[in-house]
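Worksheet: one structure, shown below.
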Amino acid sequence: MSLTDHPKAYGTAAITVAFAAGILVTLGFKDLYPDLEARYERRRRSKRALASYSRRASDRPRRDSLLDFFAGPVSLLDRESVELEAKGVVEGLEGCIGNTPLVRIKSLSDATGREILAKAEFLNGAGNSPKDRVALNMIKVAEEAGLIQPGRGDTIYEGTVGSTGISLAALARAKGYRAHICMPDDQSKEKSDLLIHLGATVERVPVAPITSPGHFVNLARQRAANHERVKNDGSVGFFADQFESGANFAAHEATTGPEIYAQSGGMIDAFVAGAGTGGTISGVARFLKEEMKMSNLKVVLADPQGSGLYNKVRHGVMYSPTEKEGTRRRQQVDSMVEGVGINRITNNFEAGRELVDDAVKVTDDQAARMARWLVEKDGFFLGSSSAVNLVAAAVAAMGLPEGSRVVTVLCDPGTRHVSKFWKHISEMGLEEGEEEEDLFTTLGITSQRSR
């Protein structure tokens, strides 16, 4: 006689088998519980970040329209890692900006015992730097305000050491404008050559302090103001003003910060970045600390030699009287490093200054050695500001517990720095295959060991 002839007995047997199977499954997967819990927490925190991201976009019309240009919304996928949704087909050059990878730098992570992650901003597709985000937003905000109009010959003027000008030149062509770039003549020639190839008018001007009318920023402002009188063709001139424009830090607060949060699952112990205009560090810090309430996050400034921002963050004093702009030899800082470091407080840096917790001073020698280290160990060929960020990230990491996670920014490729920064590295003999040393010996740092 079979169990099917006795329904009650059959049901009891089925329940017994199911109960036993449940116990076996529970015992078999108990070791996964902590992992599952961690995965759930990462997803919950990332969803909260993205919800805040969406609310900000709807609350702020200008940023909402900006976000339309950053194709491929951040999306959570049903697996352990938080990833960005595949973009598919994007619209024009604007669609190549944003959603850059967050990369684990293996050699630095191994050397420090902390996770060193870097936002690969050199993969932005217009000017290959984080300034692509800024340039796009400055143009968009100016269009919305009716200050410029594509197709009538309007010209965008900017004073820049290179990267912002390159981004503006590329986007100006894509969006129907002209670009006029003023830059100091001590910057690498690759930058001005690239600007010319992008169709921009380039003025390489003698180095001058910010107090001088001949300073590259002041000259760009003057050119914009005189545009209508000089051209007299119905077109207008627009001074982008990257150092003071709120569209700068707003671009990073609206896009870079949320991307970092989503890609890291909100698991960040420190964010490290340099400051030229101050837009990146302020924008990202504002999103992470103010909007995501990451009160335990440590924001660290990476500052090259000769810059006054380190002293401002550490000691509350910008510079000594002898270092005040107008008395120094250079308009910016006495350093081989281009793109970061300054001796005044810009509106963009001021927007996030109170959120910066600490600063790391990086010498030219350390930046050069880090740049070469990254080629040898990881294959990254990067510019000087990226090297400064990575030195500071390694130093900041050693002040945190083992296993902590530090995020920084890779700003632009080394191809833009061959004739100056990388020539200096070659002259130092760092490309001659010297005997390898550990990271901190290479950087000349002996007091930042694990604790």
Side-chain angles (χ1 to χ4, degrees), residues 53-54 56-74 90-100 119 121-150 154-160 162-177 179 181 217 220 224 238-260 273 275-287 291 339 346-352 409 411-412:
Y53 191 7
S54 299
R56 289 186 322 99
S58 61
D59 291 344
R60 304 174 189 176
R62 284 185 178 176
R63 294 188 193 175
D64 180 63
S65 57
L66 168 64
L67 295 177
D68 292 339
F69 284 89
F70 292 84
V74 179
V90 299
E91 183 66 28
L93 190 62
E94 297 95 328
C96 300
I97 299 173
N99 288 343
T100 54
K119 189 76 165 140
E121 288 292 276
F122 66 91
L123 295 178
N124 280 304
N128 309 124
S129 81
K131 298 301 186 181
D132 282 3
R133 301 174 188 264
V134 174
L136 180 59
N137 199 23
M138 290 193 298
I139 291 173
K140 184 63 180 173
V141 169
E143 288 177 332
E144 291 177 349
L147 300 177
I148 53 176
Q149 179 180 313
D154 291 356
T155 300
I156 300 170
Y157 293 84
E158 184 58 293
T160 169
S163 291
T164 303
I166 292 166
S167 297
L168 281 171
L171 286 165
R173 282 300 184 189
K175 296 179 69 63
Y177 300 103
I181 305 300
V217 173
F238 169 66
F239 175 49
D241 200 13
Q242 60 164 327
F243 287 90
E244 311 302 334
S245 171
N248 183 340
F249 78 80
H252 293 293
E253 187 177 1
T255 63
T256 317
E259 287 175 24
I260 288 172
T277 64
T280 302
I281 194 168
S282 289
V284 172
R286 283 166 65 100
F287 178 80
E291 304 209 25
T346 65
N347 285 342
N348 279 284
F349 188 72
E350 185 63 31
V409 180
C411 302
D412 61 359

Exercise. Which heavy atom in A273 sits nearest to a heavy atom in I281, and how many Å separate them?
Worked result: O-CD1, 3.5 Å
For this session: Mind listing the closest non-hydrogen atom pair of A172 and A179 along with its distance?
Result: CB-CB, 4.2 Å
Seminar exercise, completed: Residues N248 and G279: closest non-hydrogen pair is OD1-CA, 3.3 Å
For this session: Supply the atom-to-atom distance S163 OG to F122 CZ, rounded to the nearest 0.5 angstrom.
Result: 13.5 Å
Exercise. Any Lys/Arg nitrogen of E259 or R133 sitting under 4.0 Å from an Asp/Glu carboxylate oxygen of the other?
Worked result: yes
For this session: Check for a donor-acceptor pair, side chain of S282 on one end and backbone N or O of F349 on the other, with a separation under 3.5 Å.
Result: yes
Problem set entry | Sidechain-backbone polar pair: N124 side chain, I97 backbone, donor-acceptor under 3.5 Å | no
Exercise. Which heavy atom in S167 sits nearest to a heavy atom in G127, and how many Å separate them?
Worked result: OG-CA, 3.8 Å
Problem set entry | Heavy-atom check, side chain of V217 versus side chain of F239, under 4.5 Å | yes
Exercise. What is the distance from atom SG of C96 to atom CD of E91, rounded to the nearest 0.5 Å?
Worked result: 10.5 Å
Seminar exercise, completed: Here the gap from Y177 atom OH to I139 atom CD1, rounded to the nearest 0.5 Å, amounts to 7.5 Å
For this session: Taking all non-hydrogen atoms of both residues into account, name the closest pair between P150 and E143 and its distance.
Result: CD-OE2, 4.2 Å
Problem set entry | T346 (side chain) donor-acceptor with T277 (main chain) under 3.5 angstrom | yes
Problem set entry | Approximate separation, where rounding is to 0.5 Å, of D132 CG and T255 OG1 | 10.5 Å
Seminar exercise, completed: Correct closest heavy-atom pair for A170 and L93 would be O-CD2, 3.7 Å
Problem set entry | T164 and Q242: side chain donor to acceptor below 3.5 Å | yes
For this session: Hey, could you give me the CG/CD distance between N137 and E253, rounded to the nearest 0.5 Å?
Result: 11.0 Å
For this session: Keeping the roles fixed (side chain from N348, backbone from F249), state whether a donor-acceptor pair exists under 3.5 Å.
Result: yes
For this session: Starting at CG of L123, measure out to CG of N99 and round the result to the nearest 0.5 Å.
Result: 12.0 Å
